[in-house]
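Before any comments, here is the structure.
Here, residue 1 is the first one in the sequence, and each next residue gets the next number.
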Amino acid sequence: MNRADLKGPHAKLGALPSQGQADREDDHSHALSWLDINRVLFVAAAAGAIWFLHHFQNPYVTGIGVVCTFAGGFPIFREAYENITQRRMTMELSMTIAIVAALAIREVFTALIITLFVLVAEILEGLTVGRGRQAIQRLVDLLPRTATVRLHGEWKEVGIGEISAGSEVLVRPGSRVPVDGKVLRGHSFVDQAPITGESMPVEKGAGASVYAGTINQSGVLEIQVERLGCSTTFAKIIEAVERAEKSRAPIQGIADRPSGYLVYFALAAAAITFLMTHNMRSTISVVIVAGACGIAAGTPLAILGAIGRAAQDGAIIKGGLYLEKLAEIDTILLDKTGTLTYGTPEVTEIRPANGVSPSSLLEAAAIAESQSEHLVARAILSKAAELGIRLRHPNRFNYTPGRGIVAEIDGEEIVVGNWMHFLDEGIKSVMSAASDGAVPVTRDGHLLGSIRVTDLVRPEARTAIQNLKSMGLMTILLTGDSRTVAEVVGKRLGVDEISAELLPEQKLRRAEELLAPGKKVVMVGDGVNDAPALARATVGVAMGSGTDVARESADIVLIGSDLNKFVEAVRIARRCHRTIIQNFIGTLVVDSIGIALAAFGLLNPLFAAFIHVSSELVFILNSARLLPPISSHQRTIGGALPHEAAPSA
């Protein structure tokens with residue numbers, strides 16, 4: 001996808017490449033593949049011819065061998081030259097040194113075989129790395145190039161680039177959803193596996209959110225477009241995979257240094273071998289067998305695979321740096337509302353004081369909360385509307401985050417909030433009313449009673465917490481709610497520590513306290529009040545259902561609200577780290593043994609080249625295990641569905 005097509009949340013969706021253009025690109029890639037194969041066949045034939053001519057002591061065998069080596073190995077020599085100018089040590093450069101050395105001692109057959117090994121290795125490496133890069137194209141293929149949009153009261157098919165925010169889009173059964181939006185009308189089941197990783201189709205009705213690239217399975221849906229361009233979930237996944245190709249984690253920098261040092265060490269060992277043995281074949285074998293190509297090629301591939309797999313599982317990691325940090329974390333800070341709970345609290349009990357009617361208590365609370373966007377306010381207002389209480393707006397309104405509200409109407413002051421808020425206001429008569437986490441309400445200094453508002457705990461949260469603890473991670477609940485409510489939720493989930501009644505700056509301070517002694521801290525949240533801690537933590541993780549501020553402040557964004565996606569992201573990050581370390585240690589062991597054997601004349605140049613190339617491929621394939629699998633389901637959604645007349649029909 002062209003980056004120019006994703007210009008911002010208010011831009012129109014850019015058009016995708018035409019099918020003809022995609023076909024031409026495929027033809028070009030196929031031409032390159034055939035060129036590589038033909039080059040391998042040419043070098044193999046040349047090696048066979050040299051071996052045949054050598055037995056007949058043909059005087060032109062050396063000259064023919066040199067010409068064939070440089071002709072067949074041109075890509076190797078060109079890349080080696082570029083590496084010299086960039087001061088980088090790679091397999092191509094170390095193998096070029098070995099090939100030139102072999103030609104210098106008239107070992108033309110050896111030079112051709114080394115060239116053949118390297119060309120074959122490059123093709124296999126390209127196929128492996130290309131599998132990771134194909135993830136972007138598979139995602140692009142999920143988005144239709146046209147959509148059916150309501151224009152002047154009629155449904156018309158238009159290009160994706162002509163859709164704008166607020167447009168109404170019609171999605172028929174069997175078609176892919178072209179945008180992120182909300183269902184206005186209709187009922188259906190939508191397959192969200194390509195985006196959220198959910199195995200079962202999700203029921204969608206009026207008000208439900210849908211994602212671009214998902215598949216409408218049964219009924220007709222009318223969708224209002226909400227997010228466009230780079231703000232869509234689809235585009236964010238694409239950007240995450242694209243960023244994976246270019247991101248450089250600190251561990252990659254650590255891996256790059258020994259890549260050069262090992263080659264320098266091999267050259268020094270080769271010089272010592274020649275001085276001690278005067279055996280050029282042993283010297284060349286030392287140069288050939290050594291190298292850190294497994295580290296240099298395997299590390300970025302592991303990062304690419306891990307970020308791609310995490311994106312497929314519903315966690316968008318914004319770069320290799322955060323992937324590496326995630327592998328090192330030891331402490332998890334968890335927001336409560338919206339993260340561990342549904343974030344949609346309901347009024348479960350109304351407790352009026354003596355002489356106060358329930359409607360009077362609820363009316364006063366609704367007046368104070370009428371200007372608030374807090375979830376507790378929504379619950380109180382919803383209950384008031386349910387009981388038919390007429391909503392009135394206050395003359396004065398003041399909201400203190402994490403504390404409560406002070407409002408004024410008809411000359412009387414109404415206070416609603418937690419017990420700390422009432423202490424700040426100098427009202428101490430509410431302590432008993434707030435003892436169990438209920439919300440006290442006073443009017444003109446008199447206690448009207450309290451309202452109990454509870455939030456349901458997400459069923460998957462307990463499993464996620466237990467999995468995190470089984471991985472040796474400490475879990476801490478951070479919330480602005482009362483300690484009573486926090487303890488009920490915390491004990492139900494089994495968290496290690498509970499910190500309640502915290503303001504946003506106190507959440508930030510708690511994160512800083514943990515970071516000070518050197519802990520690696522993750523903050524998981526979804527609200528504006530979590531943003532400071534998200535930005536300060538070692539890694540910030542935002543729930544995809546949370547606020548835009550939280551998502552922008554975070555290093556990792558979960559699609560949806562399932563905390564198990566974060567658990568899986570931690571597992572992937574740790575597996576990626578282990579894979580890189582395995583490649584690092586394996587390369588050191590293979591090089592050390594190989595150099596020793598070659599120095600003592602136990603490896604000839606051909607066998608040394610085989611060990612070098614095969615060990616590199618082993619480490620690359622080890623990293624390739626992290627690449628997201630291509631299931632039959634993905635192959636189906638990547639191509640046209642059998643019952644689709646057109647992508648957007």
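Counting heavy atoms from C-beta outward, F584 and I580 have side chains that stay 4.5 Å or more apart. For the pair C68 and I50, the minimum side-chain heavy-atom distance is 4.5 Å or more. At least one side-chain heavy atom of R172 sits under 4.5 Å from a side-chain heavy atom of T148. A heavy-atom distance below 4.5 Å is found between the side chains of F619 and V590. Between T96 and Y81 there is no side-chain heavy-atom pair separated by less than 4.5 Å. When side chains are defined from C-beta on, V108 does not count as touching T69, because their heavy atoms never get closer than 4.5 Å. Under the 4.5 Å side-chain criterion, counting only non-hydrogen atoms from C-beta, L119 is not in contact with D36. Between I556 and F566 the shortest side-chain heavy-atom distance does not fall below 4.5 Å.
The minimum heavy-atom distance between A599 and T273, with the atom names listed, is CB-OG1, 3.5 Å. Counting all heavy atoms, side chain and backbone alike, L323 lies closest to A306 at CD2-CB, 3.7 Å. Closest approach of A569 and L326 over heavy atoms only: O-CD2, 3.6 Å. Minimum interatomic distance between N622 and T579 (heavy atoms only, all atoms of both residues): ND2-CG2, 3.6 Å. In plain terms, the two heavy atoms of A47 and I113 that are nearest each other are CB-CD1, 4.0 Å. In this structure, A147 and P178 approach most closely via the heavy-atom pair CB-CG, 3.8 Å.
With rounding to the nearest 0.5 Å, the separation of OG1 in T115 from CZ in F42 is 10.5 Å. To the nearest 0.5 Å, the span separating CE on M280 from CD on E107 amounts to 11.0 Å. Of the inter-residue distances, the one linking S615 atom OG with I593 atom CD1 reads 11.0 Å to the nearest 0.5 angstrom. Rounded to the nearest 0.5 Å, atoms CG (L304) and CG (L626) are 10.0 Å apart. Summarising the geometry, atom CZ belonging to R39 is positioned 12.5 Å from atom CG belonging to L116; distances are rounded to the nearest 0.5 Å. Atom-to-atom distance recorded for I76:CD1 and I114:CD1 is 10.0 Å, nearest 0.5 angstrom.
A side-chain donor from one of E157 and T146 sits under 3.5 Å from a side-chain acceptor of the other. With no hydrogens or angles considered, a side-chain donor-acceptor pair links S623 and N583 at under 3.5 Å.
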Working for side-chain contact (heavy atoms from CB on, under 4.5 Å), residues V225 and S164 | CA-CA 7 Å; V225 179; S164 57; over 6 Å; no
Residues V149, I163; criterion side-chain contact (heavy atoms from CB on, under 4.5 Å); working and verdict | CA-CA 8 Å; V149 181; I163 301 176; 4.1 Å; yes
Could you walk me through whether V190 and I215 pass side-chain contact (heavy atoms from CB on, under 4.5 Å), step by step?
-> CA-CA 6 Å; V190 176; I215 302 172; 5.8 Å; no
What's the verdict on side-chain contact (heavy atoms from CB on, under 4.5 Å) for R575 and R309, showing C-alpha distance, side-chain angles and the deciding distance?
-> CA-CA 11 Å; R575 183 180 170 192; R309 182 179 285 267; 4.3 Å; yes
After noting the C-alpha distance and the side-chain angles of D562 and K565, does the key distance pass the salt bridge (Lys or Arg N to Asp or Glu O under 4.0 Å) rule?
-> CA-CA 6 Å; D562 189 347; K565 294 176 181 177; 5.8 Å; no
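Looking at residues two or more places apart in sequence or on another chain, you find a ring pair (Phe, Tyr, Trp, His ring centres under 6.0 Å) between F77 and F70. For F274, the ring pair (Phe, Tyr, Trp, His ring centres under 6.0 Å) test picks out H278, with sequence neighbours left out. Legend: residues meeting side chain to side chain contact (heavy atoms under 4.5 Å, CB included) with E568, ordered by chain and number and at least two apart, are D313, R571, I572.
Open room surrounds CZ on F607; 12 or fewer heavy atoms of other groups in view lie less than 6.0 Å from it. Shown here is M276, whose CE atom has no more than 12 heavy atoms of other residues, nucleotides or ligands within 6.0 Å.
Of the possible donor and acceptor atoms, one in the side chain of D555 sits under 3.5 Å from a partner among the backbone N and O of G540. Panel note: side chain T110, backbone P605; no donor-acceptor pair is recorded below 3.5 Å. For H612 (side chain) and I288 (main-chain N/O), a donor-acceptor pair under 3.5 Å exists by modelled atom type.
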